[in-house]
Every structure is written in C-alpha cells, then in structure tokens.
Amino acid sequence: MMAVLIAACGSSARARLEARNDLVEQLVGGGLERTVAECAVDGFFAPRSNDELARFFDRPSLTADEEAEFARLGTECLDSVSD
C-alpha cells in the first residue's frame, strides 16, 4: 500500500512522511521504543529517494543488507538516546 502511495505521488513529502510514520509504528508495535524507532527510520530514509523507498516497501521482507543497516541504526540510536 505505501509503495503505491509513494510511487503515485512521486516526490510528495506527505507520502514519504506517511510511509515513515507507518514504519515507525511497525517498529514500536514490535517493541522498540518510539524515540529509537524514529531515529532508526529517519536514518534509513535519509539517503534514499522515493523510488528506492517504494521498492523497499514493495518487497515482502528485508534484504540481508537492510537487516544489517537497521541493526546498526538501532544500536546507534539506542546509544544516542541512552546518553
């Protein structure tokens, strides 16, 4: 659903924000603290275009590289929140 929204809206900041918020909610629902989830998702979204994010949301699961990136971001964000 989000992939369609991002693709349809192209560079829409609103669609990107909605996709970001949905992913944050998924991580929070999985037990991650909101501040850590927001930090990790922001770090994941920052270097990616809307097209890259649309492809990300279109896949049923994370790639090994994405898993590693989220693990790294989660650790970095947890450390920054703990400071």
Side-chain angles (χ1 to χ4, degrees):
M1 174 76 163
M2 266 309 127
V4 173
L5 185 58
I6 289 174
C9 296
S11 63
S12 170
R14 182 171 157 211
R16 188 177 178 100
L17 180 60
E18 288 176 6
R20 175 224 180 253
N21 291 343
D22 284 350
L23 185 53
V24 167
E25 290 305 319
Q26 288 178 29
L27 295 176
V28 169
L32 206 55
E33 292 179 34
R34 180 167 301 280
T35 54
V36 175
E38 289 174 343
C39 175
V41 171
D42 288 343
F44 186 78
F45 272 45
R48 289 175 171 78
S49 70
N50 288 350
D51 288 340
E52 290 170 312
L53 290 171
R55 287 190 298 275
F56 166 76
F57 281 104
D58 197 35
R59 290 192 307 277
S61 60
L62 298 174
T63 66
D65 287 343
E66 290 165 348
E67 286 180 13
E69 184 176 359
F70 271 111
R72 178 185 56 78
L73 288 167
T75 298
E76 289 173 3
C77 292
L78 187 58
D79 289 346
S80 70
V81 169
S82 300
D83 292 342

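Because the structure is a prediction, the values reported are computed rather than measured.
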How many angstroms lie between atom CG of L78 and atom CG of L32, to the nearest 0.5 angstrom? 8.0 Å
With rounding to the nearest 0.5 Å, note down the distance linking CZ in R55 to CG in N50. 11.0 Å
Got a donor-acceptor contact below 3.5 angstrom from the R16 side chain to the L53 backbone? no
Would you call the rings of F56 and F44 parallel, tilted or perpendicular, taking 30° and 60° as the class edges? tilted
Which atom of A40 lies closest to which atom of L73, heavy atoms considered: O-CD1, 3.5 Å
If you look at every heavy atom in E52 and R48, which pair is closest and at what distance? OE1-CA, 3.1 Å
L23 side chain near F45 side chain, heavy-atom distance below 4.5 Å: yes
Can you find a heavy atom in the side chain of R20 that is under 4.5 Å from one in the side chain of L17? yes
Please step through salt bridge (Lys or Arg N to Asp or Glu O under 4.0 Å) for the pair E25 and R34, ending with a clear verdict. CA-CA 8 Å; E25 290 305 319; R34 180 167 301 280; 2.7 Å; yes
